[in-house]
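Here's the structure we're looking at; comments come further down.
Below, all heavy atoms of this structure are taken into account, side chains as well, without hydrogens, waters or symmetry copies.
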Amino acid sequence: MTTLKYFAWVRERIGKREEQLDLPAEVATVGDLLTWLQAKGEGYAEALKEPKVIRVAINEEHVDHRESIAGAREIALFPPMTGG
Amino acid sequence: MTTLKYFAWVRERIGKREEQLDLPAEVATVGDLLTWLQAKGEGYAEALKEPKVIRVAINEEHVDHRESIAGAREIALFPPMTGG
Amino acid sequence: MNASISPTIRIQAADFDLAAEIAHLTAGRTDIGAVVTFTGLCRDEAGALTALELEHYPGMAQAEISRIAAEATVRWPLTGLTAIHRFGKIAPGENIVLVVAASTHRKAAFEAASFLMDYLKSRAPFWKKEHRADGSEGEWVEAKSADDDAAARWRQR
Amino acid sequence: MNASISPTIRIQAADFDLAAEIAHLTAGRTDIGAVVTFTGLCRDEAGALTALELEHYPGMAQAEISRIAAEATVRWPLTGLTAIHRFGKIAPGENIVLVVAASTHRKAAFEAASFLMDYLKSRAPFWKKEHRADGSEGEWVEAKSADDDAAARWRQR
């Protein structure tokens, strides 16, 4: 099981802050994960319709969409950051 | 009469903070003034022996050594500044 | 380099006290020549906003800002470095973020503070949502490409 | 540009209160997004100095810093700008100079503060003399060519 966390408008559109998911073996990279999640329902499809803008962190570190998710304990999806 | 002001080691070597001087007509520029002052005594000669390093202000504004001193009310001579 | 300096990083809902943070870095020391601070405040966009709501990713916010701060201590010879980022609802005029960089010389303090802010803007996991004065649903603030550009310039050096 | 902003310039023997100076620029305002401060402090050069004596040219110090500050308000869209420079005998660890720059955006605040400091260093009529711990006659601090270079870079933009 992997913990998925969602923030800002990704969280609002998906409708939850986090969930535990059992990811199938064919979901190997961050890019694969975004495609797979889009098929999980309308909220997911709406949140992830422009996958290029989605930022991803694995185990609290920024990664790009080609990164492998093997061994990920926690994966977070969120829009570009606007702190500071 | 023109007020001359001296600061930092220029002041220490000349031995006074300021003085009123009647400058001869042939002293036209800042450069002329530095040469003329060097002949006024040992302290002046010591203070101004490297005229290139001396910074000059006329009426409280920085000027370079080619500047005319015509109409100067107050001329200040000092080393490169080390404030801040 | 001061391999030993350990940046102070805090993620908190409460306001901060800039003078106390400076005192914390400088008290009892006589080797510091320059302290640069940056304070980021909430603006009301000409009266349009009543507040900003700052959402954050708690564990990662602390970890990511610590990574950025650690890089700053390697790149510049600092004697102290502090970053504090608030979350929650923040009213116009209130503080959002503080960076304090101390060094023997001013260039290092200025550059480290500027670097930290540029990276915070584009890499620290915080998101701002508007609370609008007219009662309409507030938007999430959009990231600016200028902020990514500002962070990128530190990689070209 | 804010043609109307009038920088605060003070030349004084007394210490300053950074928090009060920031409050003076920001109190009651909701249009300021960024405040950058620079504090310059007296260093003891690894115990060699007991103090610095700052000599200055009173009328010109005020006039010259005012000219530099006025140029900063033209070059950057600032909402506030303050510069305070102390004179007299200053002990290690004590404040020498303060610059506060406020703006809607951080880049303007950082650049204006940095510009003001670079120009203060090379153009404000102040001179530092060392008081040495070993009782020997202190030297006048020598100007650094790096400070002239730092000021010159603003002319190349």
For each of D:Thr37, D:Val36, D:Thr39, D:Thr26, tally heavy-atom pairs with chain C at distances under 4.5 Å, and name the one with the top tally.
D:Thr37
What option among C:Ala113, C:Ala146, C:Gly47, C:Ala102 has the most heavy-atom pairs under 4.5 Å with chain D?
C:Ala113
Just wondering, do C:Glu111 and C:Ser103 contact through their side chains at under 4.5 Å, heavy atoms?
no
Pairs under 3.5 angstrom only: tabulate donor-acceptor contacts from the side chains of residues 16-25 of chain C to other protein residues two or more places apart or in another chain.
| unit_1 | atom_1 | unit_2 | atom_2 | d |
| --- | --- | --- | --- | --- |
| C:Asp17 | OD1 | C:Ala19 | N | 3.1 |
| C:Asp17 | OD1 | C:Ala20 | N | 3.1 |
| C:Glu21 | OE2 | C:Arg10 | NH2 | 2.8 |

Return yes when atom CD of C:Gln12 has more than 12 non-hydrogen atoms of other residues, nucleotides or ligands closer than 6.0 Å, and no otherwise.
yes
For the residue pair D:Trp76 and D:Trp154, does the interplanar ring angle fall in the parallel (under 30°), tilted (30 to 60°) or perpendicular (over 60°) class?
perpendicular
Close contacts, residues 51-71 of chain D versus chain C, judged by heavy atoms under 4.5 Å
none
Taking the side chain as C-beta and beyond, is there a heavy-atom pair between D:Asp147 and C:Arg106 under 4.5 Å?
yes
Quick check for you: among C:Val99, C:Ile32, C:Leu49, which has the greatest number of heavy-atom pairs under 4.5 Å with chain D?
C:Ile32
Tell me, for C:Asp44 versus chain D, whether the close heavy atoms (under 4.5 Å) come from the side chain, the backbone, both or neither.
both
Hey, mind stepping through D:Met117 and C:Lys107 against side chain to side chain contact (heavy atoms under 4.5 Å, CB included) and telling me if it holds?
CA-CA 10 Å; D:Met117 279 311 305; C:Lys107 188 165 184 284; over 6 Å; no
What part of D:Asp118 lies closer than 4.5 angstrom to a heavy atom of chain C: side chain, backbone, both or neither?
both
Should C:Thr104 and C:Pro77 count as side-chain neighbours, where that means a heavy-atom distance under 4.5 Å?
no
Do the non-hydrogen side-chain atoms of D:Arg43 and C:Thr30 ever get within less than 4.5 Å of each other?
no
For the interface with chain C, which of D:Glu45, D:His105, D:Glu94 has the highest count of heavy-atom pairs at distances below 4.5 Å?
D:His105
Taking the side chain as every heavy atom from C-beta outward, state whether D:His85 and D:Ile96 have any atom pair closer than 4.5 Å.
yes
Between D:Gly40, D:Ala150, D:Gly33, which has the largest tally of heavy atom pairs under 4.5 Å with chain C?
D:Gly33
